[in-house]
Amino acid sequence: MTSPAEPTNLMESLVSLAKRRGFIYASSEIYGGLNGFFDYGPLGVELKRNIRDCWWRDMVHRRDDVVGIETSIIMHPKVWEASGHVAGFSDPLIDCKVSKQRYRADQLFFAPIVIDGKTVGYVSALESENTAGELHELAEQFKRKKAIQGTLSKIVGRLVWNDALFGESHVIAKDMTEAREDEIALIPSPATGEPGSLTPPRAFNMMFQTNVGAMSDASSVAYLRPETAQGMFVDFKNVVDTTRVKLPFGIAQIGKSFRNEITPRNFIFRSREFEQMEMEYFIHEDADWAKVHEEWIVWCETWLKSIGLPDSHLSRFTHPKEKLAFYSRGTVDIMFKYPFGVQELWGIAARGSYDLTQHANASGKPQELFDEASKKKFVPHVIEPAVGVDRIFLAVLAAGYAEEDVTDEKGNVEKRTVLRLSPRLAPVKVAVLPLLKNKELLTNRAKALYTKLRRNYAVQYDDGGAIGKRYRRQDEAGTPWCVTIDFDTIEKEGDTFTLRERDSMKQTRITEAELFALLAEHVY
RNA sequence: GCGGCUAUAGUUUAAUGGUAAAACCUCUGCCUUCCAAGCAGGUGUCGUCGGUUCGAUUCCGACUAGCCGCUCCA
């Protein structure tokens, strides 16, 4: 009998297992490692490849309406200007030197305290539903505390600002990206209420820069792509002109992307070099985008379950309208319950025609299709499911990892570590084990089966140590089945093997033909 | 990047101002008729660089990396 036991610290166990069994190593480990970069070991590279292959087969091969491409990692710098990444893909940050708090400059608001037309100080507050109101309240407190006589100018938000309405007796709340250097010294930290502890905002563009060509001057600056999506937009016309795609259709790509994250965290969850699987699904400008959006969300959820992620760990997060980028019509994230919390796994965004329009404007090349029905040109709209391979990898490990108490016939309880990976993803599909190492009849038959199986599947042959130990070794690698060549195989009729199933540890007898049928059914 | 904690074998952990120990893993051989058996062997620059000291894995500093917060959203 088996009973699940919750590992005391799942993340530590995962990192340890990943290292021990050769799934994931720290990059450049012998030099002390490099923050935010990882290497995939022999088992890891198989698992990762299987994730990619499953996605590619289901997304591209098994659909009529999606084609694949692979675009370069370094693209023309103007791509990133048009996409908004050069200007917008940065987070200006401000530190409070006293409280050690860190704020995003665009979320921290300030306003001068103006009494009878004279600035006597500043107030600050974090962005909220009523930022201007809070600031005004703070300004009034300041006035009372300092016992200053006079008329306090009302502090209002930029959106309600209108000269005709308010005139000069009001001041506008601004965010810290607009603060002058002399103002920053006078603005109090929201943590302490005292001025003088805030640092100027420091821009932090998350794109890695490099130079193309021999000269490294300003004209040669290029970027490592922070997402693969722009490749699909930039090649949109090429794909339309050279293939027979018809709306609605998608362009898919799997590839590495790079972001100079401020804080890589949680193992491979947020790293600086990562792999994305993105698909841009182009639809008519008049199409029911919300319906297509929902269809893709369901497709993604179904796919995640098909590779073995449990329903119980998946959820949806709909981005609130007011937090969306201005071009976005709606974004839904499929969330996964990681050991460190519920985090985004797959973002499905409805991006309108923003990207194609941006590139049409920046390049001067129209990115339009012709509508036969209305005889009009239009820019297609797009639905974008974007997911990280490494995040799926981690989700699959976290969901599949289990430590069980196994009781043997004598009543002894032992711990068994098992990775319940879907047969679709398992790095090794079958392990072929001769019951004993020193009996040639067994090893010869085992080797023959191994040679036959490995033509089609990733298989391992193992004759080291006792049979039970080999079973457990395969459990940790996530191998769904072991076949053991035993004395019944060579002495009894029928040429049958023992099939040992990973999750239940049950054993049945199976013929070679049945084994291949089993694999064909589950490994697809 | 800022603050707190941390760094000893592949993994998990000991001990120590006088050049390190155990278990597991791994490898070799023997043995082994189904769930980490046994026996005999093999495998180690105490994260890096400096400083204090006769002597540093141990004390100090810097760096690097990890964990936790701020931040982030593939």
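So you know, we letter chains A, B, ... as the sequences are listed, proteins then strands, and number each from 1. Computation of the quantities below employed the complete heavy-atom set of this structure, encompassing side-chain atoms and omitting hydrogens, waters and symmetry-equivalent molecules.
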Short side-chain N/O contact from [X] to OP1 or OP2 of [N], under 4.0 Å:
X	N	result
A/R472	B/C25	no
A/K469	B/U26	yes
A/K19	B/C25	no
A/R500	B/C34	no
A/R473	B/U26	yes
A/N35	B/G66	yes

* Atom CZ of A/R416 and atom CG of A/D475: how far apart are they, to the nearest 0.5 Å? -> 4.0 Å
* To do: Report the distance from atom CZ of A/F497 to atom CG of A/L433, rounding to the nearest 0.5 Å.
  => 12.0 Å
* Asked: Hey, does the Lys NZ or Arg CZ of A/R500 hover above the aromatic six-ring of A/Y471, less than 6.0 Å from the centre and inside 45° of the axis?
  -> yes
* To do: Please confirm whether A/K48 makes a cation-pi placement over A/Y40, using NZ or CZ under 6.0 Å from the six-membered ring centre and within 45° of the ring normal.
  => yes
Taking atom [atom2] of [N] as reference, at what distance in whole Å does atom [atom1] of [X] sit?
X	N	atom1	atom2	value
A/N266	B/U71	CG	C1'	13 Å
A/E12	B/A7	CD	C1'	13 Å
A/N260	B/A74	CG	P	16 Å
A/E501	B/C35	CD	P	17 Å
A/D462	B/C25	CG	P	13 Å
A/I30	B/U45	CD1	P	12 Å
A/I348	B/C73	CD1	C1'	13 Å
A/R470	B/U32	CZ	C1'	10 Å

* To do: With the side chain of A/A466 defined as its heavy atoms from C-beta on, choose the nearest nucleotide among B/U12, B/U32, B/C34.
  => B/U32
* To do: Consider the side chain of A/L436, meaning its heavy atoms from C-beta on, and name the nucleotide among B/G10, B/C34, B/U32 that approaches it most closely.
  => B/U32
* Asked: If the C1' atom of B/A15 is compared with that of B/A74, how far apart are they to the nearest Å?
  -> 46 Å
* Atom P, compared across B/G47 and B/G41: separation rounded to whole Å -> 30 Å
* Who pairs with B/G61 - Watson-Crick or G-U, where each distance is under 3.5 Å -> B/C49
* **Pair assignment for B/C70, Watson-Crick or G-U wobble, requiring both distances under 3.5 Å** => B/G1
* Asked: Between A/Y471 and B/C34, do the rings stack, that is, sit under 5.5 Å apart with planes less than 30° off each other?
  -> no
* Asked: Considering only heavy atoms from C-beta outward, does the side chain of A/M206 approach that of A/H85 to under 4.5 Å?
  -> no
* To do: Identify, between A/T417 and A/R20, the residue whose nearest nucleotide on RNA chain B lies closer to the 5' end.
  => A/R20
* Structure fact -> The answer to which of A/I485 and A/E29 contacts RNA chain B further toward the 5' end, by nearest nucleotide, is A/E29
* To do: Ignoring hydrogens and angles, tell me if any N or O in the side chain of A/Y338 forms a donor-acceptor pair with the backbone of A/R391 under 3.5 Å.
  => yes
